[in-house]
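Here's the structure, in structure tokens; my notes come after.
Letters A, B, ... are given to chains in the order of the sequence lines, protein chains preceding strands, and every chain is numbered from 1.
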Amino acid sequence: MAAHLSYGRVNLNILREAARKELREFLDKCAGSKAIVWDEYLTGPFGLIAQYSLLKEHEVEKMFTLKNGRLPSADVKNIIFFVRPRLELMDIIAENVFSEDKMHSARDFHILFVPRRSMLCEQRLKEQGVLASFINIDEYILDLIPYDGDLLSMEYESAFRECYLENDQTSLYHTAKGLMTLQALYGTIPQIYGKGDCARHVANMMLRMKREFAGIQNQILPVFDTLLLLDRNVDLLTPLATQLTYEGLIDEIYGITNGYVKLPPEKFAQKKQGEASKDLPTEPKKLQLNSAEELYAEIRDKNFNAVGAALSKKAKIISAAFEERHNAKTVGEIKQFVSQLPHMQAARSSLANHTSIAELIKDITTSEAFFDNLTVEQEFMTGVDTDKVNTYIEDCIAQRDPLIKILRLVCMQSVCNNGLKQKVFDYYKREILQTYGYEHMLTLNNLEKGGLLKPQTSSRNNYPTIRKTLKLWMEDANEQNPNDISYVYSGYAPLSIRLTQVLARPGWRSIEEVLKMLPGPHFEERQQLPAGLHKKRQQGENRTTLVFFLGGVTYAEIAALRFLSQMEDSGMEYIIATTKLINGTTWVKSLMDRLESQTP
Amino acid sequence: MAFITANWNPLGEAFYRKTELYEMCWNLRDGLRDSLVATAPYGGPIALLREPHRRSPSSRPQLEIYFSSGVSVASFPWKSGPVVHLGWTVSDELLCIQEDGSVLIYDLFGSFKRHFNMGLEVVQSQVLEAKVFHSPYGTGIAIVTGSSRFTLATNIEDLKLRRLPEVPGLQGKPSSWLVLSQDRQTKVLLSVGPDLFILDNTACTAVVPPGLSPQAGNIIQMSVSFSYKYLALFTDTGHLWTGSSNLQDKLSEVETKKSTPPRQMVWCRRPKSQQPSVVLMWDKLLMVAGVCQDTIQFPIEDPCVLVGELDGVRIISSSSQELLQEVPLVCQDIFKIASMAPGALLLEAHREYEKSSQKADEYLREIKEQSMLGEAVRQCVEAAGHEYDSNTQKSLLRAASFGKCFLTDFNPDVFVATCRELRVLNAVRESAVGLPLTFTQFKQMTLQVLIDRLVYRQFYPLAIEICRYLKIPDYQGVSRVLKHWASCKVQQKDLTDEAIAKAVCMKVGDSPGVSYSHIAAKAYECGRTELAIKLLDFEARSGEQVPLLLKMKRSQLALSKAVESGDTDLVYTVVTYLKNEMNRGDFFMTLRNQPVALSLYRKFCKLQEQDTLKDLYNQDDDHQELANFYVTASYREKRLESRLSLLQSAVDEYNKAKNEFSVKATEDEIRLLRFQRRLDDEKGAGLLGLSLQGTMEALLALGLNKQAEQLYRDFRVPDKRYWWLKLRSLAEKEEWEELEKFSKSKKSPIGYLAFVEVCVKSNNKYEAKKYVSKVTPEQKVKAHLAISDLEGAADAAIERKNESEIGVVLSRCSTNDRLLMDKLNRARNSIAKK
């Protein structure tokens, strides 16, 4: 079920197993039959840890979604609420419990806070007069969830917003805790690098927590050699750009949530031979996307322009494999062929799916609108006319294109110009307010606070220096057979990944100047290992770095890191962790304030 | 060595021996006479209260505490009420049960810890007798009062008093009684004359011991074994009955021929006893009565006290302390005269070996012939454990070590462990430490508890040595000792806070598992708040620091520690606490100094307390946020007027914040809302809530061009955007003439390709054509293509000699356009040639 988690350099299945064990232990604490009431947001992440079968083994008979009013009836002994520690959810729980009490009372209530219990919430329950109704109040420390063999995410949606707009560092505390859990399972990470205020804060907390655990020495041979903590606000540009890898585009266009994507069903209609096409399905087609699928693992990180070739190559291999049957003469050969059939059929259906997806995407990427948008993005990234009002953006506003698209472009221009000239800045803002409504004023405020959209404060625009030093723009990006990470954005090399790359070789000392231009401190810390745990490195053995993106990471960035891992001479393998998997749209959305008028 | 059996006395099949443990260090003038004595099993301490009934205030009775070896620990005059009974808890605390039912608890060093009461009614009726007992639940107390009622507390740490039912016909105290702990129940067994009763929570039941003859007389003494499994009853005719404590089986009956009640009667057994016995003590006689009906008799001179142990009985007199126990089987095997057990032969072999005699080889061969060498070694090791004399231990262990040289696959673990543990046992048996533990007792109590006991006695260095010697993981061993040491250290009144903090920090350092907050809490308990704060500074876990700081009312410090930890929930805990404790002004001021806490509190207010949020911004003169607050609030208003007034407040605040853009934007918003309301009222246009762009669009759709025009001017809408708007609106309404007029009104700021495209979108290629000629040369090809005029596009492209444009046109050609394609290809080739 989760075998793909153990194929990578680091066996992330250990983490998953640890999480499952803890879940089982909690479930067994509530003896007897159970119903789980879910905070809906949690079901996705939980699905990656435990399927329904595990819950069922532990006598979970019913599952409900947490909502106001009465709980649906269920003949169970225990009702368990799985919730995030949020005050508004407490009120719903209180309502549930109240209406339940009036009915019949022989049920036991439990609450499981994910990832951490909260005094405020418990107090809220107390104020509501239901705290005493709970037999167990527990926390399920689920910080880092394995998403793939090399990918961990906390799926903490509001992390960036909380850190930069609200000065609420809860997510960083959870990050530090999650990293401690990780170290408990995979050994102390001897080296910690970081860039950014949040990175510094997380590292401080980690070192502090290590002191708290002093003495309970971790006797596990370290799996990770290095931890790199990166603030998202060090590289605001990358997520704003449209991702051009296969997986990145799927996410940009359809959105991947918890490893699943929902696609328009038309292209997936089953067409059986001889049968006229039946009614088209209306339910969106839901597909799971991870490295367990061989073909997907192969093409996910390719530039979309290289996907077609890969798919047709695969198609040839598969049909060749099916042709094999004609060569199978002896009984033994036929038997061998048959034994491979299921695998081949899976490959064929996987191929069919991805061909369909690629077609869907192609329709969009070949459109003029997509092309125009990309052209403007690339102009900004190469520093063309970033100090003037951009006609394309103006036109888009006039056409009332989706606001988020506008915001992404305007923010991108601002970032690439190290802030917009006051006149340009005000002009854009006025255009947006007049066209999309004054209620977006707070959103603009937020973007400004977050540094995505800001007026130029110093006359010097240091983006070109950064671009040149870090080689953020590569003229001759090779999309088919890439030799540099810039292929993921067809020319633009993500800043965050360049920093990672330079850290590995030749080291950050070579780019001190640029690091100083980027916000927040950069630092290095070492954690002492107990004697005897120092790794004796084999000749040619790769080092492993855990790169933690505080505030989110995009699929294109992940693709770039995977590319670096696979480069033969890099000598480094990367495991990626983040507070949330994001793209420009979800990211900007998380920074918006939605005000809705109550005036009739 | 030959004398080892000298102190063995046969009893039935088994032997009993009496070994001297200590010559008592104490110097008791009057011996143990006229004293209340409390002793504890597992070599526990001894407490003495001399002449407990002396009541004149001029000469108060003296309470004395000693280690088992008689080393004096504490001595102080008893100033409280008359004491009925003394007893020790499992954690070496002294319980003094007074006549009035109050129980005072002292530690080993005689300092008062706390007290509790055995029930109000006791004050009246007085305690006649009390007993302290131990069970899996901890230490308990049972009393019988003047009104002949029993009260029980099974665990004094979790005090729950149980008053037991009345015993029919009982006057005063029963002739004898004891507490039984069986099947998770605690009961009282008591005798009234010849009758025996069991008293439990619900009832008083008469019971008859099986096989006790009715002529036996009144039961005047009883005793239950260490494990609560066996019971002994003594009657006034000198008849001793023994049996199981559930009164199902009889073990034996012995006639002691003594009619006076024994001063004490105690079971003497060991786990897997061959010949359990009961030890009875009279003034001058100690009698061991076995279930085999044999007895051993020892004369005694001084008054003594018997202490029942797991595997024997300790006999404490004013001058010495002895252990009476059944000789363990393995020791019998080895040391019994002329024993041929393998262990005995091995011991002999080794002895000969030391003498360099070849007999050693003979003995060894004899053992090996029976393939019993492994067993021989095992016996020697085990026997060494049971021997108290270190020379005997050594010779047995040497013999074992010698024997195992001849074994090929011998697992040395037990041997090594026994050597180590014996070394530890010998160390704690030292008179100065005074813990006369047997090997069996040590195994039963566990090393953890032994270390605790040493810690209670403040033998910190020894405890640490033992932890290190036995290689106990730090957080179970050394750290635990250090924790106790530090907790004790902070109570030293003669040292300054600095000195103590320094000493603690130096010793404890970063030892794993030592909680500075625990030590600090101790210091705070003793009223040393400053010291507590100093110590808390060393605490690494903020979660532990914060609650104590709050308790000590150091809320500012608590807040900064909470912030430092990064644990936002902890910050909220402190903030909530402060909010309730402080007045609002102070609270806000405190938050102001802690930006992180302030932000969190703001966030909380945003969700829960909007008004407080406003006050917070007001206090901080944060005009920008205050303005944003008003803006947010305005959207919640149902009435337009209040919405406008909130927006006006926002304008004022933006002004104060010098945020010109926002001032302007908000003023625009107000203006737009007013305009919309007016038009809605006048024309029912349904504009309210639309954006400016939306409003203009709606106006144009409604044909209210003038009003749209007015907004365009008033709000200084850029021409481009307005042209787009108007263009689309006209096309949508298919007002083609108007559109043409509009296109000619002035030079289009958005060019004319837009016109072409919008017309095409409205499916009017005819109108679109009108604008193609006006399009700039760069867009000509696109324009022609938009109206599907391939020829025109081709011409334009060829004219512009633009290769890529030619390509675009070519890609749109189908097979029918062969001529055109040829033309385009030719043009392309000619461009390429140049």
Side-chain angles (χ1 to χ4, degrees), chain A residues 85-88 116-121 123-124 162 166-173 176-177 201-202 204-205 208-217 391 394-395 397-400 422 425-427 429-431 433-442 444-445 593 595-600, chain B residues 474-475 479 510-514 540-543 564-570 572-573 576 595-596 598-600 602-604 607-608 624 628 631-632 634-640 643 661-662 664-666 668-669 672-673 688-694 715-718 720-721 723-725 750:
Chain A
R86 298 209 163 187
L87 289 176
E88 64 272 19
R116 225 148 248 117
R117 56 195 292 177
S118 124
M119 185 278 308
L120 277 185
C121 287
Q123 195 168 326
R124 184 59 171 225
E162 286 180 2
E166 296 165 351
N167 195 20
D168 171 358
Q169 292 166 334
T170 308
S171 63
L172 301 182
Y173 180 70
K177 282 276 184 186
H201 190 61
V202 169
N204 286 348
M205 279 191 284
R208 195 189 162 87
M209 288 171 187
K210 186 163 185 258
R211 270 208 296 144
E212 293 183 18
F213 290 122
I216 307 166
Q217 288 227 337
T391 332
E394 263 186 313
D395 286 349
I397 295 175
Q399 313 280 1
R400 281 233 235 179
Q422 190 70 43
F425 179 63
D426 287 350
Y427 178 81
K429 287 206 293 183
R430 220 161 62 91
E431 284 294 282
L433 291 182
Q434 289 195 351
T435 309
Y436 298 93
Y438 290 100
E439 63 264 34
H440 296 292
M441 186 139 84
L442 295 189
L444 294 176
N445 249 321
D593 259 326
L595 294 175
E596 268 160 46
S597 162
Q598 300 289 323
T599 316
Chain B
D474 270 0
Y475 57 96
S479 294
D510 276 340
S511 298
V514 183
R541 293 163 302 166
S542 330
E564 223 171 82
S565 77
D567 182 349
T568 40
D569 197 49
L570 199 58
Y572 274 129
T573 310
T576 316
V596 174
L598 179 60
S599 317
L600 288 175
R602 275 185 187 158
K603 198 174 168 187
F604 169 79
L607 289 170
Q608 303 286 321
Q624 172 72 25
N628 289 345
V631 170
T632 315
S634 79
Y635 281 89
R636 279 195 299 268
E637 281 301 331
K638 289 213 163 57
R639 286 179 46 247
L640 184 65
R643 185 170 167 187
F661 178 85
S662 298
K664 187 84 196 7
T666 314
D668 281 354
E669 185 178 3
L672 179 65
L673 284 169
L688 201 67
L690 294 177
S691 69
L692 177 65
Q693 185 83 345
F715 286 84
R716 296 173 46 212
V717 174
K720 275 189 185 174
R721 181 145 56 82
W723 271 68
W724 268 111
L725 181 62
I750 53 173

Close side-chain approach of W724(B) and Q693(B), heavy atoms under 4.5 Å: no
Choice from R116(A), Q399(A), H440(A) maximising heavy atom contacts with chain B below 4.5 Å: Q399(A)
Toward chain B, the part of L120(A) with a non-hydrogen atom under 4.5 Å: both
Distance-only donor-acceptor check, side chains N445(A) and Q624(B), under 3.5 Å: yes
R602(B) portion near chain A, given a 4.5 angstrom heavy-atom threshold: neither
Backbone N/O of M119(A) and side chain of D569(B): donor-acceptor pair under 3.5 Å: yes
Shortest non-hydrogen contact from S565(B) toward L570(B): OG-CD2, 3.8 Å
Winner by heavy-atom pair count (cut-off under 4.5 Å) against chain A, out of S662(B), A665(B), G689(B): A665(B)
Greatest number of heavy atom pairs closer than 4.5 Å to chain B - which of H201(A), M205(A), E431(A): E431(A)
Interchain contact, F425(A) with chain B, by part (heavy-atom threshold 4.5 Å): neither
Closest non-hydrogen atom pair between K720(B) and I750(B), with its separation: O-CG2, 3.5 Å
Per-residue contact mode, F661(B) against chain A (heavy atom under 4.5 angstrom): side chain
Cationic tip of R400(A) above Y436(A) ring, under 6.0 Å, 45° of axis: no
Contacting moiety of Q608(B), where chain A heavy atoms sit under 4.5 Å: side chain
Residue R86(A) versus chain B: region with a heavy atom under 4.5 Å: neither
Exam field: side chain S691(B) to backbone T435(A), donor-acceptor pair closer than 3.5 Å: yes
Shortest non-hydrogen contact between Y635(B) and Y438(A), atoms and distance: OH-C, 3.6 Å
Proximity breakdown for E166(A) and chain B, heavy-atom pairs closer than 4.5 Å: both
Residue part contacting chain A, namely of T632(B), when any heavy atom lies under 4.5 Å: both
Under 4.5 Å from any heavy atom of chain A - which part of L672(B): side chain
Contacting moiety of L600(B), where chain A heavy atoms sit under 4.5 Å: side chain
Part of E439(A) lying under 4.5 Å from any heavy atom of chain B: both
N/O donor-acceptor pair under 3.5 Å between R430(A) side chain and R716(B) backbone: yes
